[in-house]
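Taking it in order: structure first as structure tokens, then the write-up.
Here is how names work: the chains are called A, B, and so on, in the same order as the sequence lines, proteins then strands, and each is numbered from 1.
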Protein chains: 2
Amino acid sequence: MRQQDAIIQTLKAKGLRVTPQRFAVYANLLDRCDHPTAEQVLSDLNQEAPTSSQSTVYTSLQALCEVGLVREVLLEEGVCRYDANVLPHHHFCCRCCGRIEDIAWEDLQGVSIDRVRSGLQVESYEVTLRGCCEQCQSANS
Amino acid sequence: MRQQDAIIQTLKAKGLRVTPQRFAVYANLLDRCDHPTAEQVLSDLNQEAPTSSQSTVYTSLQALCEVGLVREVLLEEGVCRYDANVLPHHHFCCRCCGRIEDIAWEDLQGVSIDRVRSGLQVESYEVTLRGCCEQCQSANS
DNA sequence: TCCTAAGTCAGAATTATTCTTAGTTGTGTC
DNA sequence: GACACAACTAAGAATAATTCTGACTTAGGA
């Protein structure tokens with residue numbers, strides 16, 4: 001209950017109308033720690049009962065992105081994934097299974113952008129690690 | 001001429017057949033320092049005379065990727081860009097115009113992955129800087 | 001309660017990419 | 001050089017992700 005109210009307040013604070021569909025999309029994203037595609041959110045929401053149409057999920061995700069509650073993550077070809085963790089953080093992407101995991105900002109410190117040529121005004125950065133996750137390591141051995 | 005021979009040798013060394021179309025795709029990528037989309041390569045090649053079909057450009061790019069002569073760069077929604085610079089390096093992506101620029105590997109040293117949890121086997125990483133390029137800075141002011 | 005802008009829907013349209021099938025060509029072998 | 005065959009290419013159909021369209025609905029302020 002508390003959680004739901006918090007979501008409603010957050011949406012309102014960003015000037016978004018609170019509709020059942022939009023609520024469901026955002027709640028779903030907050031609830032899961034993977035980085036689902038629009039398609040995955042859609043099917044997840046409609047699993048038990050039809051909740052939202054495809055285009056609604058797309059526009060909801062876009063609206064949430066625009067106000068900064070959600071961000072797009074581009075780590076894989078062709079599809080766009082979404083992440084409700086908008087605090088700065090990095091990503092680990094498994095080469096084998098495609099799984100994506102958040103890496104805490106503090107776990108990768110030491111990136112110094114001093115030497116980047118001065119013409120470029122750097123506002124943010126993020127690191128993408130690639131490699132092999134535990135499951136795939138044991139599966140391959 | 002030397003350049004052309006070098007390209008031919010490189011392709012052969014990777015076990016790829018040297019065809020006019022594949023040669024043209026790779027030469028085009030090497031020649032430009034931006035990171036074109038498949039679409040851009042296609043229209044560039046066919047600007048003066050029809051050289052390659054759409055699907056040939058796609059399969060050529062894929063073949064070049066597979067042997068490691070070219071890599072995909074995913075910095076922008078929806079489209080896949082290609083980069084003939086396969087030495088490790090980072091990217092700067094302009095928030096305003098979308099321009100992408102290579103950042104030399106040495107210019108961003110000091111990323112230490114020690115603190116990443118040990119279950120993840122990190123094989124490579126790259127940093128994406130986001131911000132505003134010179135042109136856009138002066139355009140906005 | 002009423003109004004209206006914002007949101008939603010179903011399905012069509014668009015866009016990037018891949019597949020299919022048939023024809024073409026480079027290359028090792030004779 | 002001729003042959004065979006696998007790799008390559010073309011044109012267009014197919015697919016998949018996303019966006020658009022136009023009519024309908026609804027949240028939330030007056």
Side-chain angles (χ1 to χ4, degrees), chain A residues 4-5 7-28 35-46 49-67 69-82 98, chain B residues 4-5 7-28 35-46 49-67 69-82 98:
Chain A
Q4 298 196 0
D5 292 345
I7 293 177
I8 292 172
Q9 290 315 312
T10 311
L11 290 173
K12 282 190 176 168
K14 291 290 184 178
L16 292 180
R17 266 201 205 162
V18 182
T19 63
Q21 293 82 351
R22 191 169 285 172
F23 177 91
V25 167
Y26 189 43
N28 182 265
H35 298 63
T37 61
E39 173 61 26
Q40 286 171 331
V41 174
L42 174 66
S43 65
D44 207 17
L45 291 181
N46 291 341
T51 308
S52 312
S53 79
Q54 188 191 37
S55 55
T56 302
V57 169
Y58 276 101
T59 51
S60 299
L61 286 170
Q62 213 161 289
L64 291 166
C65 274
E66 271 164 22
V67 301
L69 287 178
V70 156
R71 69 159 142 172
E72 290 177 341
V73 186
L74 300 165
L75 297 171
E76 199 188 356
E77 196 187 339
V79 281
C80 197
R81 296 177 170 276
Y82 294 88
Chain B
Q4 297 198 1
D5 291 347
I7 294 178
I8 291 172
Q9 289 316 310
T10 311
L11 290 173
K12 282 191 176 168
K14 292 291 184 176
L16 291 180
R17 257 200 212 162
V18 183
T19 63
Q21 292 82 353
R22 187 169 286 171
F23 177 91
V25 167
Y26 188 41
N28 183 265
H35 298 63
T37 62
E39 173 61 26
Q40 287 171 330
V41 174
L42 175 66
S43 65
D44 208 18
L45 291 181
N46 291 341
T51 308
S52 312
S53 80
Q54 190 191 36
S55 58
T56 301
V57 170
Y58 276 102
T59 51
S60 298
L61 286 170
Q62 211 161 289
L64 290 167
C65 275
E66 270 164 23
V67 300
L69 288 179
V70 156
R71 68 157 143 173
E72 290 177 342
V73 186
L74 300 165
L75 296 172
E76 201 187 354
E77 194 188 342
V79 281
C80 197
R81 298 179 168 275
Y82 294 89

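Each of Lys12(B) and Val79(B) was assigned the nucleotide of DNA chain C with the nearest heavy atom; the assignment lying further toward the 5' end belongs to Val79(B).
Side-chain atoms of Thr37(A) and base atoms of dA17(D) include no donor and acceptor less than 3.5 Å apart. For Thr19(A) against dA6(C), no side-chain N or O and base N or O form a donor-acceptor pair under 3.5 Å.
Between the side chains of Thr59(A) and Thr56(A), not a single donor N or O lies within less than 3.5 Å of an accepting N or O.
With Asn28(B) contributing its side chain and Asp44(B) its backbone, the two residues share no donor-acceptor pair below 3.5 Å. For Ser43(B) (side chain) and Val41(B) (main-chain N/O), no donor-acceptor pair under 3.5 Å exists by modelled atom type. The main-chain N or O of Val73(B) is never found under 3.5 Å from a side-chain atom of Arg81(B) such that the two would form a donor-acceptor pair.
Closest contact between the side chain of Arg17(A) and the listed nucleotides dT8(C), dA5(C), dC9(C) involves dA5(C). Listed nucleotides: dC9(C), dC19(C), dC8(D). Nearest to the side chain of Leu16(B): dC8(D). When distances run from any side-chain atom of Val18(A) to the nucleotides dA11(D), dT8(C), dG28(D), the shortest one goes to dG28(D). Taking the side chain of Tyr58(A) as heavy atoms from C-beta on, and the options dT8(C), dT18(D), dT25(C), the nearest nucleotide is dT18(D). When each of dT18(D), dG12(D), dC8(D) is scored by its nearest atom to the side-chain atoms of Cys80(A), the top-ranked nucleotide is dT18(D).
Glu39(B) places its CD atom 16 Å from the P atom of dT14(C), with the value rounded to the nearest Å. Here dT25(C) presents its P atom at 19 Å from CG of Leu11(B), a figure rounded to the nearest Å. Distance, Leu61(B) CG to dC8(D) P: 14 Å, rounded to whole Å. Rounding to whole angstrom units, OH of residue Tyr26(B) and P of dT9(D) are separated by 16 Å. Leu74(B) places its CG atom 15 Å from the P atom of dA16(C), with the value rounded to the nearest Å. Protein atom CD of Gln54(A) is 8 Å distant from nucleotide atom C1' of dT18(D), rounded to whole Å. Taking atom CG of residue Leu42(A) and atom P of nucleotide dA16(D), one finds them 15 Å apart after rounding to whole Å. For Arg22(B) and dT24(C), the CZ to P distance is 19 Å, given to the nearest whole Å.
Across all strands shown, Gln62(A) has heavy atoms under 4.0 Å from sugar-phosphate atoms exclusively, and none from any base. Residue Ser52(B) is in sugar-phosphate contact alone, with no base atom involved, counting any heavy-atom pair closer than 4.0 Å across all strands shown.
The minimum heavy-atom distance between Leu64(B) and Leu16(B), with the atom names listed, is CD2-CD1, 4.0 Å.
OP1 or OP2 of dC9(C) has at least one side-chain nitrogen or oxygen of Ser53(A) nearer than 4.0 Å.
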